[in-house]
Amino acid sequence: MSTGRTRALRLTRWGGPPILTEAARPVPTGEEVLIRVEAAGLCRSDLHVIDAREDDLPYRLPFTLGHEVAGRVLERGPTAAGPPVGERVVVYGPWGCGSCANCAAGAENYCDRRALLDAGLAGTGAGLGRDGGMADLMLVPSGRLLVPVNGLAAVQAAPLSDAGLTAYHAVATVRPALRDEASASVVVLGVGGLGHLAVQVLRATTSAQVLAVDVREEALALAAECGAHFTTLLHPGTAAALRKRTGGSGAAAVLDFVGDPSSLGLAVDVLRAGGELAVVGSGDGELTVRKPGALPPGTRISLPFWGTLPELEAVVGLALQGSLRVRVEQFALSDAARAITRLRSGEVRGRAVLVPD
Ligand code: FEH
Ligand code: ZN
Ligand code: ZN
């Protein structure tokens, strides 16, 4: 890559494929920080963005994809704070207003002014309406959004900022239901880029019994490698098998990384009374909340989204202590189209990560 020019995978037309184009080298102003990208993860949400039609999303074209990014600080604006030039970092991707109560607490994923930002077509964050990191270089609005990763390999670090953070936040959301009981069971539905990390987070931070469900044998093998106590394919007897593993009481929590009709239906069938259901996947499933109804009494349902900045620091800490290891399928940035095809067809094992070539 020449010093003056850089490449970026940009969405230039709704419904059209992202294009790897030449772009001018961004110049950081104010508190902005320029990152040399070392790795950028590919997420199912990227597919939703790529497949979106005009007016589906509050984003203005064109912009560079990539909301799961690791790299090295290259240049800082005159008033930039945070990690110094040369520091290796991951980028906290949900960029909020930075000043509302949630943003001030580091929860920019739940910015109180999201609707205003979206109305102004400011986008959700990196690679989501604003230029992201499927590129050689990436401009980050503030050093507050950067977390040092020390010696972590970039392809291990990048997925922590989205897949790892989302999994960690989902576990944190349901933690009250576990009450630190060794007998508590957590069901993980979907062992893909997020699910395999959720299994590891559960094993590293709780004493719960982890029960993993997927439709692919390879995914169940990955779940077992990540520490799941029990794995099963999805079939008509899955609910009974899971309930049996819980001693009949049902699961204290279900983490649904699929979110389609079958996964939500299974969640309803295996939750114990007073249990927690976290719906993370965007699989177009629907739940009916009615009393009396199919959901057990005391059920709490959450729709966790991404995670907070303090949680990202905790996720990096888990990885640095060896408790979190990402199963990575690595692709050159110039091979992004093949990565997208493999993700779309369900062939990716773990997380697909693009590396600038
Ligand atoms: C990002 C933007 C919109 C919906 C979902 C997402 C997730 O991939 C973030 O983890
Ligand atoms: Zn994502
Ligand atoms: Zn805010």
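Counting convention: from 1, in listed order, for ligands and their atoms alike. Heavy atoms only: backbone and side chains are in, while hydrogens, waters and symmetry mates are out.
- In terms of heavy atoms, A163 sits closest to G193 at CB-O, 3.6 Å.
- In this structure, a donor-acceptor pair under 3.5 Å is absent between the side chains of T308 and Y110.
- Proximity of E68 to ligand 1 is not established, as no heavy-atom distance is less than 4.0 Å.
- Take the Zn ion (ligand 3) as the corner point: the lines to SG of C97 and to SG of C100 open at 110°, to the nearest 10 degrees.
- Taking a cut-off of under 4.0 Å to the non-hydrogen atoms of C43, the atoms of ligand 1 that pass are 8 (O).
- Shown here is E286, whose CD atom has no more than 12 heavy atoms of other residues, nucleotides or ligands within 6.0 Å.
- Considering only heavy atoms from C-beta on, R344 comes within 4.5 Å of I50 through its side chain.
- Here the angle at the Zn ion (ligand 2) defined by SG in C43 and NE2 in H67 stands at 110°, rounded to 10 degrees.
- Of the polar atoms of T166, at least one N or O is found under 3.5 Å from an N or O of ligand 1, judged by distance alone.
- Looking only at atom types and distance, the side chain of T205 has a donor-acceptor partner in the side chain of R175 under 3.5 Å away.
- Regarding atom 3 (C) of ligand 1, its nearest protein heavy-atom neighbour is F305 CE1, 3.9 Å.
- Residue-level proximity to ligand 1 for H67 is carried by the side chain, the only part with a heavy atom below 4.0 angstrom.
- Side-chain contact between V89 and V140 is absent, with no heavy atoms from C-beta onward closer than 4.5 Å.
- The shortest distance between side-chain heavy atoms of R216 and R349 falls below 4.5 Å.
- Within D162, the N, O or S atom at minimum distance from the Zn ion (ligand 2) carries the name OD2.
- For atom 2 (C) of ligand 1, the closest heavy atom belonging to the protein is L128 CD1, 3.6 Å.
- Of the protein's heavy atoms, D162 OD1, 2.3 Å lies nearest to atom 10 (O) of ligand 1.
- A salt bridge links R10 to D131: at least one charged side-chain nitrogen sits closer than 4.0 Å to a carboxylate oxygen.
- Scanning the protein for heavy atoms near atom 7 (C) of ligand 1, the closest one is S45 OG, 3.2 Å.
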